[in-house]
Amino acid sequence: MQSQAPSPDDLGGVDATPRHVAIIMDGNGRWAQQRGMDRTWGHREGVKALKPIVKESSRLGIEVLTVYAFSTENWRRPLQEVDVLMGLLVEFLAQETPELRDEGVKIRTIGDIERLPDSARRSLDWAKAETAAETRMVLNLALNYGARDEILRAVNRWCRDDAATPLTEECLAGYLDTAGLPDPDLLIRSSGEFRLSNFLLWQLAYAEIFISNKLWPDFDPEEFRRAIRDYQARHRRFGGLG
Ligand code: FPP
C-alpha cells in the first residue's frame with residue numbers, strides 16, 4: 001500500500017498530543033503595516049486569530065495553552081499601543097469568557113498582573129472566577145510577563161518563606177507563576193523569528209520548538225495542526241539516549 005503525506009486534518013487519534021503548548025504570537029504590527037494600516041489594527045486581528053486556536057487546542061485534547069499576550073518589555077511601546085492592547089484584553093474577556101466557560105476552559109494568568117490597569121485586573125478577576133470550576137483545558141494568558149521577572153519574584157518569595165532549606169528544582173517550580181502546570185512540550189513562535197524573548201525560560205528547558213513563517217493574524221488552525229504534527233514526528237529524548 002502506498003503511504004500518503006498526512007493532511008492537516010489527520011491528527012485524530014495520534015498519540016503524544018502535547019499536554020502544554022506555549023505560543024509567542026508575533027507579527028501583528030508587521031501584518032498591519034504590510035496593509036498600510038496602524039500597528040494596533042494588527043493586534044485587533046491578532047485577538048481574532050486566537051479564538052480558533054483555543055478551540056482547536058480543546059478539540060485536540062491539549063490541557064494547557066499559554067499565550068504571550070503582553071510582556072514586561074511591551075511597556076516600552078507607545079502609550080497608545082499599550083492602551084489598545086489593554087482595551088483588547090478587556091474586550092476579549094468580556095466577549096469570550098462565557099463561551100470559554102461553556103467549553104470547559106479555565107482562564108488563568110502568569111505574570112505580575114498587579115501592575116495592569118484596574119479595568120484589566122477587574123476583567124481578569126471576573127473571567128477567572130467565572131471559569132474557576134472548569135477542567136477541560138487551561139487558557140493561560142501571559143500578561144506583564146517576563147521570565148526573568150518571574151524567576152526573581154519566585155526566588156524572593158522563597159527567601160521570605162523558607163530560605164533555610166536548599167532550593168531544589170521542584171521547590172523553585174512551585175514558586176513560579178506556572179506552579180501546578182506541566183512544562184510546555186511545544187513552543188510555537190509565529191512570524192519566522194527565532195527568539196525566546198524572555199518567555200518561560202525555566203519551563204521551556206526541554207520543549208520542542210516550531211517556528212511558523214505566518215504572521216500571527218494569519219496563523220490559523222491548519223498551521224497549528226502542522227505544528228502539532230511536526231512535534232509528533234519528533235523523538236524527544238530529554239537529554240538521554242533513549
Ligand atoms: C507581537 O506582535 C504581539 C504582541 C506584542 C501582543 C500579542 C497580543 C495579541 C495577539 C492580542 C492580545 C491578546 C489578548 C489575549 C487580548 P508585534 O506587535 O511585536 O508584531 P511585530 O513584530 O510585527 O512588530
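Counting starts at 1 for both ligands and their atoms, in listed order. Side-chain atoms are counted along with the backbone in the values below, which use heavy atoms only and exclude waters and symmetry mates. Count residues from 1 along the sequence.
When non-hydrogen atoms are compared, ligand 1 lies under 4.0 Å from the side chain of Arg39 (C-beta onward) but not from its backbone. No part of Leu215 comes within 4.0 Å of ligand 1, judged by heavy-atom distances.
Every N/O-N/O distance between Trp216 and ligand 1 stays at or above 3.5 Å. Residue Gly29 has at least one N or O atom closer than 3.5 Å to an N or O atom of ligand 1. Where the criterion is an N or O separation shorter than 3.5 Å, residue side chain and backbone included, Arg77 meets it with respect to ligand 1. In terms of N/O distances under 3.5 Å, ligand 1 is not approached by Asn74. Considering backbone and side-chain atoms together, Trp31 places no N or O closer than 3.5 Å to any N or O of ligand 1.
Formation of a donor-acceptor pair under 3.5 Å by the Trp216 side chain with backbone atoms of Gly46 is found in this model. Panel note: side chain Asp83, backbone Gln80; no donor-acceptor pair is recorded below 3.5 Å. Panel note: side chain Asn156, backbone Leu152; a donor-acceptor pair is recorded below 3.5 Å. Between the side chain of Glu208 and the backbone N or O of Tyr231 there is no donor-acceptor pair closer than 3.5 Å. The main-chain N or O of Gly111 is found under 3.5 Å from a side-chain atom of Asp177 such that the two form a donor-acceptor pair. Remark: the backbone N or O of Ser197 is paired with a side-chain donor or acceptor of Tyr68 at under 3.5 angstrom. A donor-acceptor pair under 3.5 Å is formed between the side chain of His20 and the backbone N or O of Pro182.
At the shortest separation from atom 12 (C) of ligand 1 among protein heavy atoms lies Val47 CG2, 3.7 Å. Among all protein heavy atoms, the one lying closest to atom 4 (C) of ligand 1 is His43 CE1, 3.9 Å. Nearest protein heavy-atom neighbour of atom 3 (C) of ligand 1: Met25 O, 3.1 Å. Looking from atom 21 (P) of ligand 1 to the surrounding protein, the closest heavy atom is Arg30 NE, 3.6 Å. Atom 10 (C) of ligand 1 has Asn28 ND2, 3.3 Å as its closest protein atom, hydrogens excluded (heavy atom only).
In the vicinity of Asp26, heavy-atom distances shorter than 4.0 Å reach the ligand 1 atoms 1 (C), 2 (O), 17 (P), 19 (O), 20 (O), 21 (P), 22 (O). Close approach of ligand 1 to Ala69 (heavy-atom distance below 4.0 Å) involves ligand atoms 6 (C), 7 (C), 8 (C), 13 (C). Listed by number with element, the atoms of ligand 1 under 4.0 Å from a non-hydrogen atom of Leu50 are 15 (C). Below 4.0 Å from some heavy atom of Leu89 lie the following atoms of ligand 1, by number and element: 16 (C).
The side chain to side chain donor-acceptor pair (under 3.5 Å) contacts involving residues 29-39 comprise Asp26-Arg30, Arg30-Ser191, Arg30-Glu193, Trp31-Asp218, Asp38-Thr40, Arg39-Glu81, where partners must be two or more places apart or lie in separate chains.
Other residues, nucleotides and ligands place no more than 12 heavy atoms under 6.0 Å from the CZ atom of Arg148.
A donor and an acceptor atom, one from each side chain of Thr97 and Glu130, are nowhere located under 3.5 Å apart.
For Arg136, there are no salt bridge (charged side-chain N to carboxylate O under 4.0 Å, His left out) partners at least two apart in sequence or on another chain.
Distances shorter than 4.0 angstrom do not occur between any heavy atom of Ser191 and any atom of ligand 1.
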